[in-house]
Amino acid sequence: MGWGIGRIKLGPDEESEEEIDSDRMWVIMVPHVVVGELVKVRIFRNQKQFSEADLVEVIEPSPDRVDPKCSLSGTCGGCQYQHMSIDAQRDWKTKHVEEVLLQQQIKGYDSPDLFEVLPTLGTSEVLGYRSKITPHYQAPKEVGVDEYELQEIGFQRSSNRNLVDVPECPIATPAINEKYKAVRISLHEEAKQGLLNQKKKKKRRRGGRGGGATGATLLFRQADDDEETGEPVVVTDHKEYMTTTVKGLKFRYLAGNCFQVNDYVLPFMVEAVVEAATRPTLAGGQAPSYLLDCYCGSGLFALSAASTFKLCVGIEVNDKAIEEATANAELNGISNCQFVAASAEAIFTSPAKLDVDGEEKQVQDFPRDQTVVVVDPPRKGCSEEFLEQLFEYSPERIVYMSCGPATQARDAKGIVEVGGYDIVSIQPFDLFPQTKHVESLIVFEKRKTGQNGETD
């Protein structure tokens, strides 16, 4: 995603005796284009099966082409779709989720006629929505004796890993941009005075890591407004705790940790996960009683669903995340949500015993036909080790949220073909307007088995 695919008909190869197929088309990858456009490009690299090119001119523009809001669009690598209307962006994200599923050739879902990807869901806040940015800068450049100058502060270029200077970011919240501009001024001044180099030397003496004259990655993350003043709060320290409210629940976590960065779409995404988890099962017609939230992080999904379940259990291999999630349960006065650490080798059997209505039980004891498992893995998807344990555990329903549709599609193949599940629904979410990124929610239901042991 983020690249257009153009095709040109190959002409005869005068140096080759092989006959060229007159219908054979050569693929050219071009960024910053829209489907249906006629463009002029400059090829800069030839691969075995395709060429890569830069866009030189749009000769016949698409009706979906718009003027980017950012003057650095096409240069900065942060946004890939600013030249497309928001409707076109979301159409392409929907098609992307469909295409990666089709590429897996999943049995029973190997044709677009056999499943439906719902239209990508987003809100009208397509700029000024992002509550976290992480710009970078390189080491200050020495321009004289004990004189230094800081170069670009921003993001990687779209064409290479070099930085482009970004004075402000249109997709970041106004409060973040205000703070970012002030920090940029301060950093340039510190660099001139050699203070960034001094910080580096001090960190070396303390045995610390990075920053200063070697460059650094900055953090700007917007938290809930200050309770006393009502003013926006922007956190810049990775190790500082911050609070974000989602659908009336407060989540406290380290600013450097993972948490969704679009406060406008996030409530809809959480609502969709909770609705998918609580709907009556196809087999028994009853709503599940138990929820297991794997890769639970700070407890977002488990805590959000707690009011509709007998017991929610968040499972994580990260002890620090378990501490945060447990604290968030206490912060919100939720007593039927417990968080436990588990080893990666035995994620459903190693958690400690839980208190269920005064009785000690383990996750392994939960009735499978009343249990739903929510998974929200990192972009690389679920490990084979985890999936094998999930299939053996065999819950009635799996609710799979993903920030990487390609790896989700790979996992879906195993869930359907090995685990014995059917795909019930597929819903993409546009948490990152103007970019190629998309979140995808797939709901799986355990396939019914007939009396002869065959699936219905």
Heavy-atom donor-acceptor pair, Asn318 side chain to Gly297 backbone, under 3.5 Å: no
Mind running side-chain contact (heavy atoms from CB on, under 4.5 Å) on Leu101 and Tyr109 for me, showing each step along the way? CA-CA 8 Å; Leu101 285 166; Tyr109 303 94; over 6 Å; no
Heavy-atom closest pair, residues Pro433 and Ile86: CB-CD1, 4.0 Å
Residues Val313, Leu291; criterion side-chain contact (heavy atoms from CB on, under 4.5 Å); working and verdict: CA-CA 6 Å; Val313 180; Leu291 180 141; over 6 Å; no
With sequence neighbours left out, which residue pairs that include part of residues 395-433 fulfil the ring-ring contact (aromatic ring centres under 6.0 Å, His included) condition? none
Residues in salt bridge (Lys or Arg N to Asp or Glu O under 4.0 Å) with Arg45, at least two apart? Glu52
Taking salt bridge (Lys or Arg N to Asp or Glu O under 4.0 Å) as the definition, give me every residue that meets it alongside Glu271, ordered by chain and number, with sequence neighbours left out. Lys247
Neighbour count above 12 (heavy atom, 6.0 Å) for Asp67 CG: no
Got Phe366 and Pro395 here, is their nearest side-chain heavy-atom distance under 4.5 Å? no
With sequence neighbours excluded, tell me which residues meet salt bridge (Lys or Arg N to Asp or Glu O under 4.0 Å) with Lys40. none
Do Val372 and Tyr290 have side chains that approach each other closer than 4.5 Å (heavy atoms only, starting at C-beta)? no
side-chain hydrogen bond (donor to acceptor under 3.5 Å, both in side chains): which pairs involve residues 296-309, sequence neighbours left out? Ser298-Glu324
Under a 3.5 Å threshold, yes or no: a donor from one side chain and an acceptor from the other, between Asp224 and Thr245? yes
For Phe259 and Tyr253: C-alpha separation, side-chain torsions, deciding distance, then whether ring-ring contact (aromatic ring centres under 6.0 Å, His included) applies. CA-CA 8 Å; Phe259 202 87; Tyr253 55 95; 4.5 Å; yes
Looking at Lys69, is its backbone amide N or carbonyl O close enough to the side chain of Gln82 to form a donor-acceptor pair, meaning the two atoms are under 3.5 Å apart? yes
List the atom pairs, donor and acceptor, that lie under 3.5 Å between side-chain atoms in residues 163-174 and the rest of the protein, sequence neighbours left out.
| residue | atom | partner | partner atom | Å |
| --- | --- | --- | --- | --- |
| Asp165 | OD1 | Ile153 | N | 2.9 |
| Asp165 | OD1 | Arg184 | NH1 | 3.2 |
| Asp165 | OD1 | Arg184 | NH2 | 3.4 |
| Asp165 | OD2 | Arg184 | NH2 | 3.0 |
| Glu168 | OE1 | Lys181 | NZ | 3.4 |
| Thr173 | OG1 | Ile176 | N | 3.2 |
| Thr173 | OG1 | Gln222 | OE1 | 2.5 |

Look at atom CD of Gln47 and say whether more than 12 heavy atoms of other residues, nucleotides or ligands are closer to it than 6.0 Å. yes
So do the side chains of Val261 and Arg221 get within less than 4.5 Å of each other, counting heavy atoms only? yes
